[in-house]
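All remarks here apply to the structure that follows.
Lettering follows sequence order; numbering is per chain, from 1. Just so you know, these numbers use all the heavy atoms, side chains as well, and skip hydrogens, waters and symmetry mates.
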Protein chains: 2
Amino acid sequence: MTLKYSRQRQAVWDFIRERHDHPTASTVYEGVRQIYPNISLGTVYRNLMLLKDMGKLSTIEIGDNAIHFDPNISDHEHFVCRRCGSLADLDTYDLKAVRTRLASAAAGREIDTYSTIYFGICRNCLAQTTEKAEAVEIQGAGS
Amino acid sequence: MTLKYSRQRQAVWDFIRERHDHPTASTVYEGVRQIYPNISLGTVYRNLMLLKDMGKLSTIEIGDNAIHFDPNISDHEHFVCRRCGSLADLDTYDLKAVRTRLASAAAGREIDTYSTIYFGICRNCLAQTTEKAEAVEIQGAGS
DNA sequence: ATAAAAGCAGAAATCATTACTGACTTCAGA
DNA sequence: TCTGAAGTCAGTAATGATTTCTGCTTTTAT
């Protein structure tokens, strides 16, 4: 029950701490394997969940059949690109009033958390769309 | 490519149409089996996804490792009970202004949809909590 | 009525996640 | 420093939701 130090947990935490792309367990596994080639996926999962229980990570699910782990545990919103699947933080500002108002719709219940995810096309993909559109135009008449 | 009528798809649609509890594929499967005992889970999945592609259903993921299907395709919010896992609609009102303001945080991207899910304790579970607290008090001194 | 095309049932395959197990570490106390 | 109880690990098997595959059935345009 007492939490003991482990190199593996440390490595998982070191790997994920500075990332802003909210990797999945598989990505963390591949990353930590660069340092500990024998680490097992089960160990990665166990430690990620442990870190979550410790309150050092939060999890996000965006419908891609994988749990994403985020070292940012403060209130913030996420953006998912429908095209490339990338997951990124949105720049946020004070949304407390907005949230209170939204939450008031839940009268009679106790709300402790909520999650909001936006889906759309990210900046990178939007740029590629423009390039593609131009290329098509060069080829000939579009519809 | 042309969509043909099928009793199975009709049964899936009939089953889910009037429900407000956003069942999973398994629940739909069990329900439709009452009418077509030989229907297969694969058929249920295929038709649910078809109905989604047709725009007659929307899907919700609440982190319970299952897709929930909702015949309500209009904009609305959901509430998930952390205790019993139940999923319910929240009473909503005009949130357009709120949403516009939230969405503006996504400058430079194109947002087409987003999802907001609230987590907490539902009315039923809150009632049970009260009962339990009383029972404990009768037993003796709590901490 | 007929046959091409869509659908189906049942079974097998995927894939993320979890559980299990016997062998290591960690670390508090002697 | 030594020791052993408890926490961890690697590797592997199990789970469970969803998807795919295949040969047979139903639907429907003609």
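Put simply, CG on B/Leu50 is 13 Å from C1' on C/dC8, counting in whole angstrom units. Atom C1' of nucleotide D/dC9 and atom CD1 of A/Ile35 are separated by 17 Å, given to the nearest angstrom. For B/Leu48 and D/dA17, the CG to P distance is 14 Å, given to the nearest whole Å. Spacing between atom CZ of B/Arg33 and atom P of C/dA9 amounts to 12 Å, rounded to whole angstrom units. Atom CZ in B/Arg9 sits roughly 14 Å away from atom C1' in D/dT28 (whole-Å rounding). Note: OH (B/Tyr29) to C1' (D/dT18) measures 14 Å, nearest angstrom. Rounded to an integer number of Å, the gap from OH of A/Tyr36 to P of D/dT8 is 16 Å. The separation between B/Gln10 atom CD and C/dC8 atom P is 12 Å, rounded to whole Å.
Between A/Ile16 and the options A/Val44, A/Thr27, A/Asp70, A/Leu57, a side chain to side chain contact (heavy atoms under 4.5 Å, CB included) holds for only A/Leu57.
Annotation: side-chain hydrogen bond (donor to acceptor under 3.5 Å, both in side chains) contacts of A/Ser86 (sequence neighbours excluded): none. Every residue two or more places apart in sequence or in another chain that forms a side-chain contact (heavy atoms from CB on, under 4.5 Å) with A/Ser26 is listed here: A/Thr24. Annotation: ring pair (Phe, Tyr, Trp, His ring centres under 6.0 Å) contacts of A/His68 (sequence neighbours excluded): none.
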(request) Summarise how protein sits on nucleotides 11-30 of chain C as a single string, 5' to 3': B when a protein heavy atom is under 4.0 Å from the base, S for sugar-phosphate-only contact, - for no contact. (result) -----SBB-------BS---
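Evaluation of the salt bridge (Lys or Arg N to Asp or Glu O under 4.0 Å) test over residues 20-45 of chain A, restricted to residues two or more places apart or in two chains, returns A/Arg19-A/Asp21, A/Glu30-A/Arg33. Identified under the ring pair (Phe, Tyr, Trp, His ring centres under 6.0 Å) test for residues 18-60 of chain B, with sequence neighbours left out: B/His22-B/His78.
Between D/dT26 and B/Gln8, no contact under 4.0 Å exists linking OP1 or OP2 to a side-chain N or O.
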